[in-house]
Protein chains: 2
Amino acid sequence: MCGEVDRPIEKDDANTSVVLDMSSDNSLEEACCALESLYDDIDVDETVTALTERRRDGSTIDGQTTVFGALANEHRVRALEALREGELCACELQIVLEAPQSTVATHLRTLRDAGLVKTRKKGKWTYYRVADTAVFDLLDLGAAVDVPESE
Amino acid sequence: MCGEVDRPIEKDDANTSVVLDMSSDNSLEEACCALESLYDDIDVDETVTALTERRRDGSTIDGQTTVFGALANEHRVRALEALREGELCACELQIVLEAPQSTVATHLRTLRDAGLVKTRKKGKWTYYRVADTAVFDLLDLGAAVDVPESE
DNA sequence: ATCTCATATTGGGTTATTCCGATATAACGT
DNA sequence: ACGTTATATCGGAATAACCCAATATGAGAT
């Protein structure tokens with residue numbers, strides 16, 4: 001009863017970052033079955049198209065996942081929190097993080113690659129500062145989310 | 001030349017989420033060497049204590065990393081973006097995400113565990129909505145960060 | 001009760017992250 | 001030049017995250 005659906009494939013090539021191969025599975029078909037019974041008198045194709053348009057530009061999403069990925073680590077969040085009161089050099093951050101030098105250096109690299117911190121070199125020392133105060137807003141919003149316990 | 005340092009160990013037990021064993025490496029010693037030469041007339045112990053106090057409460061950081069971890073995935077960001085215009089049921093999100101049913105269900109579980117979405121059951125269908133509009137602020141801030149290219 | 005369908009969970013193979021010792025680089029002092 | 005010191009990068013083992021087919025659960029419908 002759940003037949004063919006005109007797939008709205010690639011109206012724009014913006015979503016190239018999606019690396020999923022839809023040609024050999026039946027995910028869309030299955031989902032459309034559910035759709036058909038969800039609303040009784042609808043044009044399924046039209047609904048699918050509307051849902052498709054809820055997708056955002058792929059490059060934006062790439063940036064978002066890079067940023068959130070950089071924030072998804074205790075050491076890195078701790079480092080950023082320490083930078084609230086101003087810049088610190090790598091050796092100071094090493095004390096804050098209580099971790100070996102190479103570990104700290106790697107985390108700082110990740111933060112820099114994500115655009116969250118910027119560096120300033122002075123002689124042998126490298127000073128790290130938050131790239132933008134928006135980073136603190138991110139940290140605050142992340143801390144404000146009420147994460148349900150257990151699981 | 002870089003000798004012993006009074007470690008300000010565990011003045012409060014709040015940082016119990018740090019699972020690092022400092023007893024068998026020399027990270028602190030190394031970092032303090034750098035500190036000594038960074039400022040020429042300082043009380044190193046005092047400086048270490050000050051840096052130690054830049055640390056935040058561990059439970060807060062746990063929540064932050066859980067939230068950011070949930071946001072650090074293309075499928076999940078895409079799902080949240082789709083929910084900007086209102087709630088959707090799982091089968092609709094399946095169409096948006098172009099992924100198999102079990103994959104979508106798992107991602108939605110992750111978002112729920114992080115407190116980013118809430119669910120409403122109506123018969124056989126489960127409707128997902130964003131738990132708080134602050135989630136959109138998070139997404140927007142994450143998208144606004146200027147991620148340097150290459151690497 | 002039984003069947004169907006929407007969604008959730010499980011198992012496990014694949015890939016990505018994390019950690020950290022070892023080594024490399026780069027800037028200062030002598 | 002050389003040694004020293006602060007930081008960065010490499011290698012690879014341990015750990016976590018991801019994807020998805022198969023299976024389980026739970027709410028109608030018959």
Side-chain angles (χ1 to χ4, degrees), chain A residues 1-2 18-22 24-27 29-38 40 65-66 68-76 88-95 97-114 119-128 151, chain B residues 1-2 18-22 24-27 29-38 40 65-66 68-76 88-95 97-114 119-128 151:
Chain A
M1 102 181 20
C2 290
V18 178
V19 203
L20 299 166
D21 178 33
M22 290 292 292
S24 64
D25 68 31
N26 55 352
S27 345
E29 270 65 32
E30 289 180 58
C32 289
C33 289
L35 266 190
E36 274 186 16
S37 49
L38 183 50
D40 25 271
T65 53
T66 300
F68 293 128
L71 291 167
N73 175 278
E74 179 167 337
H75 278 136
R76 295 194 292 267
L88 291 172
C89 76
C91 71
E92 292 172 309
L93 284 163
Q94 188 177 338
I95 291 171
L97 297 186
E98 308 176 274
Q101 186 271 323
S102 69
T103 300
V104 174
T106 305
H107 284 306
L108 294 175
R109 184 67 152 95
T110 303
L111 288 172
R112 204 161 74 114
D113 287 345
T119 57
R120 170 175 77 87
K121 295 213 70 166
K122 172 132 185 188
K124 289 186 287 190
W125 290 273
T126 309
Y127 289 89
Y128 286 82
E151 73 213 54
Chain B
M1 103 180 23
C2 292
V18 178
V19 201
L20 299 166
D21 178 32
M22 291 291 294
S24 63
D25 68 31
N26 53 354
S27 346
E29 268 65 33
E30 290 178 56
C32 289
C33 288
L35 266 191
E36 274 186 15
S37 49
L38 183 52
D40 25 271
T65 53
T66 300
F68 293 129
L71 291 167
N73 175 277
E74 180 167 336
H75 278 136
R76 293 193 293 265
L88 290 172
C89 75
C91 71
E92 291 171 310
L93 284 163
Q94 189 177 337
I95 291 171
L97 297 187
E98 308 176 273
Q101 185 271 324
S102 68
T103 300
V104 173
T106 305
H107 284 306
L108 293 174
R109 184 60 148 105
T110 302
L111 289 172
R112 204 162 74 116
D113 286 345
T119 58
R120 171 174 77 87
K121 295 214 69 165
K122 172 130 184 191
K124 290 187 284 191
W125 290 273
T126 309
Y127 288 89
Y128 287 81
E151 76 210 56

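Below, read A as the first sequence line, B as the second, and so on, with proteins coming before strands; counting in each chain starts at 1.
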field: Integer-rounded Å distance: D/dT7 C1' and A/Gln94 CD
entry: 10 Å
- prompt: Given atom NE2 of A/His75 and atom C1' of C/dT17, what is their separation to the nearest angstrom?
  reply: 14 Å
- line: Whole-Å distance, B/Asp113 CG to C/dA8 P, equals 12 Å
Shortest non-hydrogen contact from B/His75 toward B/Leu97: O-CD2, 3.3 Å
field: C/dT17 OP1/OP2 closer than 4.0 Å to side-chain N/O of A/Asn73
entry: no
Under 3.5 Å donor-acceptor, B/Thr126 side chain and B/Lys122 backbone: no
- prompt: Under 4.0 Å: is that the gap between some side-chain N or O of B/Arg112 and OP1 or OP2 of C/dA8?
  reply: no
- prompt: With a 4.0 Å cut-off on heavy atoms, is A/Ala105 in touch with a base, just the backbone sugar-phosphate, or nothing at all?
  reply: base
task: Flag the pair B/Tyr128 / B/Leu93 as yes when at least one side-chain heavy-atom distance between them is below 4.5 Å, and no otherwise.
output: yes
message: Rounded to whole Å, how long is the line connecting atom OH of B/Tyr127 with atom P of D/dA27?
response: 16 Å
A/Leu88 CG to D/dT7 P, straight-line distance once rounded to whole Å: 11 Å
message: For a quick test of reading the model, state the closest non-hydrogen atom pair linking A/Ala99 to A/Val104 and the distance between them.
response: O-CG2, 3.7 Å
query: Counting side-chain heavy atoms from CB outward, which of D/dC20, C/dC20, D/dT7 is closest to A/Cys89?
result: D/dT7
task: Specify the closest pair of heavy atoms between B/Thr65 and A/Glu74, including all atoms of both residues, with the distance to one decimal.
output: CG2-N, 3.4 Å
- request: Report yes if a side-chain nitrogen or oxygen of B/Thr126 is closer than 4.0 Å to either non-bridging phosphate oxygen (OP1 or OP2) of C/dT7; otherwise report no.
  value: no
task: Measure from CH2 on B/Trp125 to P on C/dA8 and round the result to the nearest Å.
output: 13 Å
- prompt: Can you check whether B/Ser102's main-chain N or O pairs, donor with acceptor, with B/Thr106's side chain at less than 3.5 Å?
  reply: yes
query: OP1 or OP2 of D/dT9 less than 4.0 angstrom from a side-chain nitrogen or oxygen of A/Arg109, does that happen here?
result: yes
message: Counting only side-chain nitrogens and oxygens, does B/His107 get under 4.0 Å of the OP1 or OP2 atom of D/dA17?
response: no
task: In whole angstrom, give the distance that lies between atom CZ of A/Arg120 and atom P of D/dT7.
output: 12 Å
task: Between protein and nucleotides 22-30 of chain C, map the contacts as a letter string: B base, S sugar-phosphate only, - none, heavy atoms under 4.0 Å, written 5' to 3'.
output: B----SS--
- request: Please tell me which of B/Leu108 and A/Thr106 maps to the more 5' nucleotide of DNA chain C, matching each residue to the nucleotide holding its nearest heavy atom.
  value: B/Leu108
query: For the pair made of CZ in A/Arg76 and P in C/dT17, what is the distance, rounded to whole Å?
result: 9 Å
message: Main chain of B/Ala70, side chain of B/Arg76: is a donor-acceptor contact present, judged purely on distance under 3.5 Å?
response: yes
- request: May I ask you to evaluate whether B/Tyr128 reaches the phosphate of C/dA6, defined as a side-chain N or O under 4.0 Å from OP1 or OP2?
  value: no
